[in-house]
Amino acid sequence: MKDLICVFNFTFITGIRKKSFIISTIIILFLTVAITISPAVIDYFKSNSNSDTQTEANKEEQKNELKENLYIIDSSNLYSKEVAALKESMLDFNVVESQATQQEEIIKTINENKKNALILLYEKDNLPAFDFYTNDSSASPHSISSSIKSTYVTSLLEEAKLEASLIHRTLSSIEYNVNPLGKSNFSYYVIAYLMLFVLFFSVYLYGYMVAMSVAAEKTSRVMEILLTSTKPAIIVIGKTLAMGVLGLIQLLLLGVTAMITFGLTFPSNFELFGTMMDFSQITPGSVIIALLYFIFGYLLYAFLNAVSGALVSKAEDVNSAVMPITFIVLIAFYLSYPSVMAPDSKMSSIVSFIPFTSPFSMPSRVLGTDVSGISILLSLALLIATTVIVAFISIKVYTAATLHYGKLLKPKEVIRLVKEHN
Amino acid sequence: MSLEAKNLYKQFGEKIAVNNISFTAEKGKVFGLLGTNGAGKTTSIRMILGILENEKGTILWEGKPLGRNTVKCGYLAEERGLYPKNKIMEQLIYFANLQGLTKKDAQKSIQYWAEKLEVTEYLNQVADHLSKGNQQKIQVITAIVHNPDVIFLDEPFSGLDPVNTNILKNVILELKALGKTIIISSHQMHAVEEFCDKLVILKKGSIIVDGYLKDIKRSYGRTHFSISGDNKIAELAKDIGLNLASSRGDGLYTYKITADEQAHSLLGIAIKNNIFPDRFEIHEPSLHEIFVDKVGEQK
């Protein structure tokens, strides 16, 4: 235990005094402040531009110039009413009536410019129909169809001499209210994404630092001195824990800075893409869960990285040695994506139990949906058990590989070394 | 009180690195673990220290199995091992702490040995800024800072100039006087010869010479003679068919002989030719000569 504290202290103090740690902490804090302060900055510019009516008019003009063109060719000449109605309803587009002769030319420009669209109206089975030509236009054939339909039905009903009020009632859409239950909302995505990224980067980078540190000890041959003083297990565990605490310190600094900046600058009723931002789902519970998953997720990957560090003889070989682990982290990261998008889906619920992906997936799910306490405990238990097994195997491999010098060991050679050593 | 290694054996893949070697290093004595490159010296030391698994055989200290808890060991590894970016004092305290010393005791001991080895001024520098020789001396402190009973010095003189070699020799003699069991592995026979009491010479993992230095030398008898002079001496020696064992730049020639008369006849011829050597000595072979003879003999 004394040795463990000793290794821990030395690694921790060496790490915290490193220029790279200090600089990266400053950059992280700067970015945190920048991201957290950005809503306030956006809000400031928004309110400024709202008060400035002159520029508003200019903007309107600019907007018109930027609008897409929606060309309409009524080859049957039967639907002038529908065309007029389209002009009124499709306000986000410049609706341009064109002649059938222009059809080829219009299609050609749409194809070339990758914007604008063409509606070719005709009659089919006594009903209006249209061909829609588009490359990458934002115009929706669905809304065009409903506009045409509504106009067409109105004129049919008028021809049938129906009362105007009845026509109005026939065509009015049915009102409905959406009452979202549970936690899903837009601000959740923002938080869940940020959390996924922070967890991914911290687990990945700190794990990598463990590999570097082990390899550096091996390269400088300090390892041999350490091994005469203490057990290899003590060295790996002490080192891994110390790096983990360094990571945790950075993470906590990030969290505290974000909270303070948020508290001081976040505008009330802030909207992003038209949605109210609400961060009430970040509860102390969800923060603790995220921290627990960081700790064990980090440990799991750090032990794997420690082995990679022990397999190389030169610090510059570390990159190729950690490659397999980098792949695992990246795959785990992408598999955890659905947990942000669809925290209730089967995929995300499976992923949140797999030990290699749960550190990235579960904290996001906890934010996005109601995960039962038992599920969280089970997922954590699986993660912890796997971490212990991986740590055990890692220490064995580390002990065997640590005095091997030469080229990077292949899996077969590692197994042989471990067998020889035990 | 002694360190006893019995039937040490180590195999790496197909290659036998250490083949059933046994030796005893006594307390207060310097034991020489000598051998050619790749003979198995470092592997043997690593096995005794528990860095490498000892496949067969036993290692005893005062009759009991040697372990971290039975005896304190110090180790100067052949490869230099210091953290390049950390201050010397910091890392020495760290190594001493791992050996069970408190910070205060560690500082005291570091200061003492740093003065002896004349490296006090480097204690607050980072290892990267030190010359190879100074790093080597710092490394010696890591091996002895915790007052160990058994000290392994693997190539202690490599990278040291003659002045520093003498400083280190004095430290080794002080440790010897303190009753430490010292095991030195080296290629530098002249340096080892000065304080080695007992030795083994290894070749390809097996012992080829074993015993007290005095006895080994005596068993050889007075088989060498040295004579000083210019190359005329060398020519005369060649004429009467003497075997040159070694020659030095300052004109000291050493020849292998089977009887004293061979030496006397060369001296007689030299004087007849008006060459009067300053030095003429019939003696036992040096450790260097024994080493070359033994290792070469088996090739």
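All figures in this text were calculated on a predicted structure; none of them were measured in a lab. A note on names: the letters A, B, ... follow the listed sequences, proteins ahead of strands, and every chain is numbered from 1.
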Do A/Ile225 and B/Tyr75 have side chains that get closer than 4.5 Å, going by heavy atoms?
-> no
Structural part of B/Asn97 lying under 4.5 Å from a heavy atom of chain A = both
Approximate separation, where rounding is to 0.5 Å, of A/Thr228 OG1 and B/Leu76 CG | 10.5 Å
Drop me the distance from A/Cys6's SG to B/Gln99's CD, to the nearest 0.5 angstrom.
-> 10.0 Å
Heavy atoms, side chains only, cut-off 4.5 Å: are B/Glu90 and A/Arg17 in contact?
-> yes
Contact origin within B/Leu98 toward chain A - heavy atom pairs under 4.5 Å = both
Which atom names give the shortest non-hydrogen contact between B/Gly100 and A/Lys2, and what distance separates them?
-> O-NZ, 3.9 Å
Got a sec: does the NZ of B/Lys176 have more than 12 other heavy atoms crowding it under 6.0 Å?
-> yes
Counting heavy atoms not belonging to A/Lys18, are there more than 12 under 6.0 Å from its NZ?
-> no
Aromatic plane relationship, A/Phe10 with B/Tyr83 - under 30° parallel, 30 to 60° tilted, over 60° perpendicular = tilted
Salt bridge between B/Glu78 and A/Arg221, side-chain N to carboxylate O under 4.0 Å?
-> no
Is any side-chain heavy atom of A/Leu226 less than 4.5 Å from a side-chain heavy atom of B/Tyr94?
-> yes
Might you confirm whether atom NZ of A/Lys231 has over 12 heavy atoms from other residues, nucleotides or ligands at distances under 6.0 Å?
-> no
Calculate, to the nearest 0.5 Å, the distance between atoms OG and CD belonging to A/Ser220 and B/Gln91 respectively.
-> 8.5 Å
